[in-house]
Amino acid sequence: MRSVIDTTVYEILSMTWPTLLIAVVLVVTIRIGYLLKHRDEFVFYKEVLYLCFMLYILCVFQLVTAKDLNTSDGNNLRLFSEIFRYDVGSRLFFKNIIGNVLLFVPYGFFASFYIELKNPIKAFILILAASISIEVTQLAIGRVFDVDDILLNVVGGMIGYFIYMIIYKIGQIFPFFKKEICLNLLTIIVLIVTVLIVTWR
């Protein structure tokens with residue numbers, strides 16, 4: 001299982017690292033210039049979240065429009081047919097099933113954070129609309145439309161929404177965790193853990 005996950009992560013990084021590198025340089029330099037010129041307040045965790053959201057959107061765009069990721073035989077309008085197509089634990093299972101879920105976890109979190117979504121129905125509609133737009137676009141550019149991908153994306157997006165709600169509720173119960181110093185520290189820990197996971201081979 002570990003080798004399958006490592007291979008999948010490596011494939012994604014090998015495809016997206018140029019986009020990530022260029023975007024980081026461009027966004028960070030422009031943002032620093034803006035902050036210096038306008039003398040705006042620098043809040044570390046907010047800046048990191050803004051950057052991560054931009055990088056995430058760029059990576060999603062690259063992944064869902066890449067021609068070589070198409071492993072389906074054709075359009076799928078029958079629910080669950082693609083989900084049960086792969087053996088649990090196989091490389092294609094992690095790439096197409098788990099991958100489609102994980103792809104939308106950040107979207108559910110970021111969308112909920114920036115819009116301050118508290119209503120799960122509104123979050124569901126937002127996530128569903130985003131997933132459908134991706135599938136329709138893929139159909140238009142010569143890839144395939146898969147209703148199972150929409151289901152998996154929505155599951156991932158809602159997981160991201162509930163992660164946001166858990167963090168929000170913790171902040172309501174323990175106001176200390178909403179303080180900037182605590183959020184900055186949490187952001188640093190998450191960044192370190194993420195780097196360790198990505199580079200763990």
Side-chain angles (χ1 to χ4, degrees), residues 1-2 5-6 8-9 12-13 16 20 23-24 27-28 31-32 34-35 38-61 63-64 83 88 93-95 97-134 149-201:
M1 181 182 295
R2 177 182 168 183
I5 296 172
D6 285 350
T8 304
V9 170
I12 292 171
L13 287 176
T16 59
L20 291 173
V24 166
V27 172
V28 169
R31 184 62 179 161
I32 290 173
Y34 178 88
L35 291 172
H38 296 277
R39 301 186 184 279
D40 280 0
E41 181 186 8
F42 177 83
V43 181
F44 178 75
Y45 80 91
K46 287 185 178 180
E47 297 297 333
V48 170
L49 284 175
Y50 292 144
L51 178 62
C52 288
F53 193 26
M54 291 177 118
L55 295 179
Y56 164 74
I57 291 173
L58 287 170
C59 288
V60 168
F61 171 80
L63 289 172
V64 302
I83 289 177
V88 176
F93 175 82
F94 277 99
K95 188 173 183 178
I97 307 302
I98 304 300
N100 270 302
V101 172
L102 293 179
L103 180 69
F104 256 63
V105 172
Y107 181 78
F109 174 81
F110 285 126
S112 301
F113 174 78
Y114 288 116
I115 305 176
E116 297 184 352
L117 279 174
K118 306 297 186 301
N119 187 322
I121 296 175
K122 290 181 180 178
F124 173 83
I125 293 171
L126 192 66
I127 293 162
L128 179 64
S131 182
I132 290 175
S133 70
I134 287 175
D149 285 354
I150 294 174
L151 174 62
L152 295 168
N153 291 163
V154 169
V155 169
M158 291 306 293
I159 290 172
Y161 162 78
F162 286 118
I163 290 173
Y164 164 74
M165 286 304 300
I166 289 170
I167 295 172
Y168 174 78
K169 293 293 185 184
I170 291 173
Q172 294 293 102
I173 298 170
F174 305 103
F176 170 78
F177 288 109
K178 293 168 66 175
K179 292 188 176 181
E180 185 178 326
I181 186 170
C182 187
L183 292 172
N184 287 340
L185 182 60
L186 179 62
T187 301
I188 292 170
I189 292 170
V190 170
L191 286 174
I192 292 171
V193 170
T194 302
V195 169
L196 289 175
I197 291 173
V198 169
T199 57
W200 176 55
R201 291 186 63 82

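Just so we're clear, the structure is a prediction, and the values are computed from it rather than from any experiment.
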Residues in ring-ring contact (aromatic ring centres under 6.0 Å, His included) with [X], at least two apart?
| X | answer |
| --- | --- |
| Y34 | H38 |
| F104 | Y107 |
| F113 | none |

Got [X] and [Y] here, is their nearest side-chain heavy-atom distance under 4.5 Å?
| X | Y | answer |
| --- | --- | --- |
| F109 | L49 | yes |
| D149 | S131 | no |
| I127 | N153 | no |
| V64 | L103 | yes |
| I134 | V60 | yes |

Contacts of [X] that satisfy side-chain contact (heavy atoms from CB on, under 4.5 Å) - sequence neighbours left out:
| X | answer |
| --- | --- |
| I98 | F93, F94, L102 |
| F177 | I170, F174, C182 |
| I188 | F44, I192 |
| V193 | I189, I197 |

Worksheet item: So does M165 have more than 12 non-hydrogen atoms from other groups sitting under 6.0 Å from CE?
Response: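 Yes, the 6.0 Å shell around CE holds more than 12 heavy atoms from other groups.
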
Which heavy atom of [X] sits nearest a heavy atom of [Y], and at what distance?
| X | Y | result |
| --- | --- | --- |
| C52 | F110 | CB-CZ, 3.8 Å |
| L117 | A111 | CD1-O, 4.3 Å |
| L51 | V24 | CD1-CA, 4.5 Å |

Worksheet item: To the nearest 0.5 Å, how far apart are CG in L58 and CG in L63?
Response: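 That separation rounds to 11.0 Å.
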
Discussion item. Please report the interatomic distance OG1(T16) to OH(Y56), rounded to the nearest 0.5 Å.
Written reply: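 With rounding to 0.5 Å, OG1 (T16) is 13.0 Å from OH (Y56).
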
Worksheet item: What pairs meet the side chain to side chain donor-acceptor pair (under 3.5 Å) rule with one or both residues in residues 111-129, with sequence neighbours excluded?
Response: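 Passing the test, one end in residues 111-129: K118-Y164.
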
Discussion item. With side chain to side chain donor-acceptor pair (under 3.5 Å) as the rule and sequence neighbours excluded, what pairs involving residues 183-194 come up?
Written reply: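 As it turns out, there is no side chain to side chain donor-acceptor pair (under 3.5 Å) pair with a partner in residues 183-194 once direct neighbours are skipped.
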
Item to complete: Sort and list the pairs that fulfil salt bridge (charged side-chain N to carboxylate O under 4.0 Å, His left out) and have at least one residue in residues 172-184, not counting sequence neighbours.
Response: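 For residues 172-184: none.
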
Worksheet item: Tell me, which pairs form a salt bridge (charged side-chain N to carboxylate O under 4.0 Å, His left out) where one or both residues lie in residues 41-55, sequence neighbours left out?
Response: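 Residue pairs with at least one partner in residues 41-55: R31-E47.
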
